[in-house]
Amino acid sequence: MMQQLAGYAPTPMAARMENHGRTMLKVAMASGQDLYARTGSMVSYEGFIQYEPNPPAVRQIASQWITGEGAPIMKCSGDGLLYLADYGADVVVINLNNDSLSVNGTNLLAFDAHLQWGVEKVKGMAKFAGQGLWNVEVAGTGWVAITSRGTPLVVDCGRGEDETYVDPDALLAWSPNLKVKGKRSFKASSLVGRGSGEAYQMAFSGQGIVVVQPSEDSSDRLRVRG
């Protein structure tokens, strides 16, 4: 039996964060190298690891969120191997090198606690989303893991002068230095996205990447109010 299951056993760690299959994240934990992770995402661990749900630093940053919703984040510390997952979603591991990434909060699985982060308002979207659209921006040098409902598409916006248009309910992450604006498509309302009524997209331009999942978030992140 053990021989039949050998292919699913953990492999030696080569980096701080790695995939174990498509839908599980493996993190090498060590003293002094704390991790922030989505609350409830732990599926297994080895060694001695402690968890602190919604720590004070997280509550302070999350208070910026205009919706008033607390960020569902826990602090993980200790020594061992930590395995995280999010209901079978694909896990994408990103190693930031003095770089930054703006992530949809519902798709942020884990990130190194030493990274700078905060809840940021997306400029240029207020008139389309009432009080505005909010994302979590992570910056510095370290590891970040995001989730995707299926294999994501990464679009390099710097390859041409044309804008890149994305359904906001399928948007995962993007480079914060990109210019963002909203666009209405009246004639395409029944063809673009799965929402009813007018179709709204986010337009990106400049140098950077946009990450899109092949499934739309049912929360309807972008609404026109009033």
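All values below come from the heavy atoms of this structure, side chains included, with hydrogens, waters and symmetry mates left out. Computed from a prediction, not measured in an experiment: that's the story for all the values here.
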Pairwise side-chain contact, [X] with [Y], heavy-atom cut-off 4.5 Å (strictly under):
X	Y	value
Ser41	Met74	yes
Asn97	Thr141	yes
Asn104	Leu172	no
Gln213	Asn107	yes
Arg16	Leu35	yes
Met42	Leu84	yes
Glu18	Val93	no

Residue pair Asp99, Leu101: steps toward the side chain to side chain contact (heavy atoms under 4.5 Å, CB included) verdict: CA-CA 7 Å; Asp99 207 348; Leu101 189 70; over 6 Å; no
For the hydrophobic clusters of this structure (ILVMFWY residues joined by side-chain heavy atoms under 4.5 Å, transitively), does one cluster hold both [X] and [Y]?
X	Y	value
Met24	Tyr51	no
Leu109	Tyr45	yes
Tyr83	Met13	yes
Leu81	Leu25	no

Look only at the side chain of [X] and the backbone of [Y], and say whether a donor-acceptor pair between them is shorter than 3.5 Å.
X	Y	result
Arg149	Ala170	no
Asp167	Asp169	yes
Asp112	Gln33	no
Ser175	Ile209	yes

Minimum-distance pair of heavy atoms, taken over all atoms of Leu178 and Gly208: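 Scanning both residues, the minimum pair turns out to be CD2-N, 3.7 Å.
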Partner of Glu163 by side-chain hydrogen bond (donor to acceptor under 3.5 Å, both in side chains), out of Lys179, Lys181, Gln201: Lys181
Whether Tyr36 and Phe111 hold their rings parallel, tilted or perpendicular, with breakpoints at 30° and 60°: tilted
Ring geometry between Trp174 and Phe204 (parallel below 30°, tilted from 30 to 60°, perpendicular above 60°): tilted
Worked verdict on Ser148 versus Asp90 for side-chain hydrogen bond (donor to acceptor under 3.5 Å, both in side chains): CA-CA 5 Å; Ser148 173; Asp90 288 355; 5.4 Å; no
Working for side chain to side chain contact (heavy atoms under 4.5 Å, CB included), residues Val144 and Leu108: CA-CA 8 Å; Val144 180; Leu108 185 60; 3.9 Å; yes
Glu52/Ser77 under side chain to side chain contact (heavy atoms under 4.5 Å, CB included): CA gap, chis, key distance, verdict: CA-CA 9 Å; Glu52 181 183 0; Ser77 57; over 6 Å; no
Partners meeting side chain to side chain contact (heavy atoms under 4.5 Å, CB included) with Asn95 (sequence neighbours left out): Trp143
